[in-house]
Amino acid sequence: MYSRKNFLPQSREPFACRNCRQLNDDRNPSPRNHCRFCLYSLHVDHAVPGDRLSTCKTTMKPVAVEYSGKKGYMIVHECQFCGKTMKNKSAEDDNFDLIVELTKV
């Protein structure tokens, strides 16, 4: 379907997390696709990060963290419904204690 693999930027909008119910405001300078408190995400992207073409729309649990010298900490999310996994770049204001815990998985 898509030949692109790079991120498609989205606008920064506040949202309430479906997992922990915390409000994620727009203080981070880059678009956010996961909760800064519990690191959960939503399965909204299909083929390319930022495409917003998934019909699943289910929560994605953070299951691991990988470190890339180029991109920094990458949170690995797994969809709680269909099992798809996706990597998302962490943000500066993410819960770093959870990121550390996920590196031990």
Side-chain angles (χ1 to χ4, degrees):
M1 181 193 307
Y2 270 93
S3 60
R4 284 182 73 127
K5 293 191 179 179
N6 57 325
F7 176 75
L8 297 169
Q10 297 293 323
S11 63
R12 295 181 302 133
E13 295 179 9
F15 66 92
C17 176
R18 277 202 200 160
N19 180 62
C20 73
R21 309 284 189 239
Q22 292 285 332
L23 178 64
N24 287 263
D25 55 24
D26 59 355
R27 73 174 90 179
N28 191 354
S30 61
R32 172 182 302 285
N33 65 348
H34 61 271
C35 176
R36 68 186 180 102
F37 300 100
C38 68
L39 306 181
Y40 271 71
S41 184
L42 286 181
H43 189 177
V44 293
D45 296 332
H46 177 66
V48 179
D51 69 13
R52 303 302 190 251
L53 295 175
S54 174
T55 57
C56 194
K57 310 292 189 237
T58 307
T59 56
M60 295 187 81
K61 180 180 180 178
V63 294
V65 170
E66 298 175 1
Y67 185 78
S68 163
K70 187 175 181 180
K71 295 181 180 182
Y73 291 100
M74 298 294 291
I75 303 167
V76 180
H77 289 101
E78 180 178 55
C79 180
Q80 302 285 272
F81 180 71
C82 71
K84 181 172 183 166
T85 59
M86 297 183 86
K87 295 179 187 176
N88 298 293
K89 186 175 178 182
S90 67
E92 286 183 20
D93 61 347
D94 283 345
N95 182 336
F96 197 70
D97 290 337
L98 283 179
I99 290 173
V100 170
E101 284 299 314
L102 288 169
T103 62
K104 299 175 184 177
V105 174

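Keep in mind the model is a prediction, meaning the values are calculated, not measured. Residues take their numbers from the sequence shown, with the count starting at 1.
- With sequence neighbours left out, the side-chain hydrogen bond (donor to acceptor under 3.5 Å, both in side chains) criterion links N24 to no other residue.
- Within the 4.5 Å cutoff, no side-chain heavy atoms of M74 are placed close to those of N88.
- Proximity of C35 to S41: side-chain heavy atoms (C-beta onward) are nowhere separated by under 4.5 Å.
- Contact annotation: the side chain of M86 approaches that of M60 to within less than 4.5 Å [non-hydrogen atoms, C-beta and beyond].
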Candidate pair H43 and T59, rule side-chain contact (heavy atoms from CB on, under 4.5 Å), full reasoning: CA-CA 6 Å; H43 189 177; T59 56; over 6 Å; no
side-chain contact (heavy atoms from CB on, under 4.5 Å) evaluation trace for S90 with I99: CA-CA 9 Å; S90 67; I99 290 173; 3.9 Å; yes
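- Salt-bridge formation is not detected for the pair K84/E78: no Lys NZ or Arg NE/NH1/NH2 atom is positioned less than 4.0 Å from an Asp or Glu carboxylate oxygen.
- Taking CG from L102 and NZ from K61, the interatomic distance works out to 9.0 Å, rounded to the nearest 0.5 Å.
- Here the CD atom belonging to E92 is positioned 13.0 Å from the OH atom belonging to Y73, to the nearest 0.5 angstrom.
- R52 places a side-chain heavy atom less than 4.5 Å from the side chain of D45.
- Under a 3.5 Å cut-off, the side chain of T58 and the backbone N or O of C56 do form a donor-acceptor pair.
- Ring-plane geometry between H34 and H77 is classed as tilted, the angle between the planes lying from 30 to 60 degrees on a 0 to 90 degree scale.
- Around NZ of K71, the count of heavy atoms belonging to other residues, nucleotides or ligands within 6.0 Å does not exceed 12.
- The side-chain heavy atoms of D97 and E101, taken from C-beta on, include no pair separated by under 4.5 Å.
- Nearest heavy-atom pair across L98 and F37 is CD1-O, 3.2 Å.
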Verdict with supporting geometry, I75 and D94, side-chain contact (heavy atoms from CB on, under 4.5 Å): CA-CA 11 Å; I75 303 167; D94 283 345; 3.9 Å; yes
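- Linking Ile, Leu, Val, Met, Phe, Trp and Tyr residues whenever their side-chain heavy atoms come within less than 4.5 Å leaves L42 and F81 in two separate clusters.
- Note: the hydrophobic cluster containing F96 also contains L39 (ILVMFWY, side chain heavy atoms under 4.5 Å, direct or indirect links).
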Evaluation steps, side-chain contact (heavy atoms from CB on, under 4.5 Å), between V44 and K57: CA-CA 5 Å; V44 293; K57 310 292 189 237; 4.0 Å; yes
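- When atom types are taken as modelled, the side chain of D51 and the backbone of H46 share a donor-acceptor pair closer than 3.5 angstrom.
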